[in-house]
Amino acid sequence: MGRCPKCGAWDTMVEEIVEKTTPAAGHPRTGFGERSRPRRLPEVSGDVEERTPLPIEEFSRVLGGGIVPGSIVLIGGDPGIGKSTLLLQATLEMARQLTVLYVSGEESDRQIKMRATRILGPHSTPDPAGHPLPSPDVGRGEGEGGRGEELPKDLFLVTETNLDIILEHIEEIKPQLIVVDSIQTTYMPQLESSAGSVSQVRETASRLRELAKASGVTVFLIGHVTKEGAIAGPRVLEHIVDAVLYLEGDRFQAYRLLRTVKNRYGATSEVGVFEMRDRGLVEVPNPSEAFLAERMVNAPGSAIAVTMEGTRPLLVEIQGLTSPTTFGNPRRTPNGIDFNRLLLTVAVLTRRVGIHLAEQDVFVNVISGLKISEPAADLAVAAAIASSVKDIPVRADTVLIGEVGLSGELRMVSQMEARLREAAKLGFKTAIVPKRLRPRSGQPWPEEIEIVEARSLREALNKALVTKE
Ligand code: TYD
Ligand code: MG
């Protein structure tokens, strides 16, 4: 069917073949299986949370502090974004303490070895001269020119897509960590549908989950995101696994963000920041600094927002550009913020501040490829647009934090203290923030940064834009 008879959407139906054989019948073949038996809670083993920390700090933090034995984690992302690279880097490090099996259905073991030598190897080149970022090596800091470390012995590679054979390998090698790259190429021969179909993906993932739960091995699944943005079709995998991480970023930019969407063992919306280099992904410990590195100070149309990604404040430059509409309806083009949020900001600027944008195309761009979903960046977006229309720069040493309401009022946002501290740390002198109407609670705001409170968007813009003498 081309069109869904229920919701009327086109091209959303997915073929799913009803399987004749029921693979779930009988005892699941996990290789480590034992019969279930109800136990009293105190009798259940494992009361202390055991985690194996990953040597890649950013990755570890996103997972909630390390890998949990018996957990199954899905890493999703667009093709070519760096999922295989990230997991190969992680397994190269992990294989120094655990036995690891890397199952690939996408690349040959030779290709994987080549990549591994490239990541660890002696041939890697030092940084291109003049790179602005502080860039310690992933894991240990052996300095420039490659670490030249030996390839770990306990990393097993196999190119295999048949799950039955994969399970045999698992039984034989008894790894503590398994990577399946990718779940879409893995199939169960008992099912009739082809690899990558909804039933295959669901069944193979369930089988691997049973294995993880029964035996305590940790399983990482790599999943490609389809055109519609869901992993393997209609989010079939998200409820099967314990954690879902997405590797995101602009393919044409070096930054990659690893974001938690779901995590049974930690906080969600944590984010790790990496940069893709010639030797794989390198952690970016000071993303704010990196994101602001190329900023042109005192250029109109640029404002600095402080957004929270999980528990971590990030400073990002927001650029706005307005230009007279030459044909038809004015265009609103957001990159990195929500389209409707942009429409709302434009409407508030027009109605409440009196900035006319009816005959202006408006473009907004979040530098770094970050996607901001929280409203705390509203004020910076509005200031970037206003600054561009008026051709007056926003004060260079100022950050803008606040949600914009429909009446043009400025609203308080969460975790202000952490945001202000990060701004102060990066040398910003002033923060324009919503006026506090309720008594202060929580931690005091830092004193190293001057706080300028504003009640409305209009007032905030007056204070943010450099006044012409
Ligand atoms: P890959 O991990 O194969 O992506 P995925 O598994 O998500 O499909 O990453 C492929 C891209 O990463 C490829 O375009 C080349 C780039 N890359 C580097 O820039 N440097 C490196 O050291 C490596 C290994 C890959
Ligand atoms: Mg890959």
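In what follows, residues are counted from 1 in the order of the sequence shown. Indexing begins at 1, ligand by ligand and atom by atom, following the structure's order.
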Polar contact flag, side-chain donor to acceptor under 3.5 angstrom, T325-R331: no
Nearest-neighbour protein heavy atom for atom 13 (C) of ligand 1, which is reported as residue plus atom name and distance: G80 O, 4.5 Å
Side-chain donor-acceptor pair present, D154, T99, cut-off under 3.5 Å: no
Atoms in ligand 1 with a heavy atom of T85 nearer than 4.0 Å: 1 (P), 2 (O), 9 (O), 24 (C), 25 (C)
Closest to atom 23 (C) of ligand 1 (judged by heavy-atom distance), picking from R115, Q111, R256, R118: R118
E107 N/O under 3.5 Å from ligand 1 N/O: no
P79 N/O under 3.5 Å from ligand 1 N/O: no
For the Mg ion (ligand 2): protein N/O/S atoms at distances below 2.8 Å: 1
I119 N/O to ligand 1 N/O under 3.5 Å: no
Check ion pair R259-E309 (N to O, under 4.0 angstrom): yes
Under 3.5 Å side-chain donor-acceptor pair for K83 and H224: yes
Parallel, tilted or perpendicular: ring planes of F220 versus F59, cut at 30 and 60 degrees: tilted
Option among E374, K371, R419 that satisfies the side chain to side chain donor-acceptor pair (under 3.5 Å) test with T307: E374
L247 and ligand 1 - part of the residue with a heavy-atom distance under 4.0 Å: neither
M276-ligand 1 polar pair, N/O distance under 3.5 Å: no
Ligand-residue contact atoms, ligand 1 with R277, heavy atoms, under 4.0 Å: 18 (C), 19 (O), 20 (N), 21 (C), 22 (O)
G77 near ligand 1 by a heavy-atom separation under 4.0 Å: no
G82: numbered ligand 1 atoms lying under 4.0 Å from its heavy atoms: 1 (P), 2 (O), 4 (O), 5 (P), 7 (O), 9 (O)
Backbone of G249 reached by a side-chain donor or acceptor of R256 within 3.5 Å: no
S199-S193 side chain donor-acceptor pair, cut-off 3.5 Å: yes
Side-chain (E317) to main-chain (I367) donor-acceptor, under 3.5 angstrom: no
Which of the ligand 1 atoms, numbered from 1, are nearer than 4.0 Å to a heavy atom of R279: 22 (O)
Under-4.0 Å heavy-atom contact between protein and atom 18 (C) of ligand 1: yes
Residues S182 and E106: side-chain donor-acceptor under 3.5 angstrom: yes
Side-chain H-bond candidate by donor/acceptor type, S323 with D361, under 3.5 Å: no
Close-contact set for ligand 1 against G280 heavy atoms, below 4.0 Å: 20 (N), 21 (C), 22 (O)
N329 atom CG: more than 12 heavy-atom contacts under 6.0 Å: no
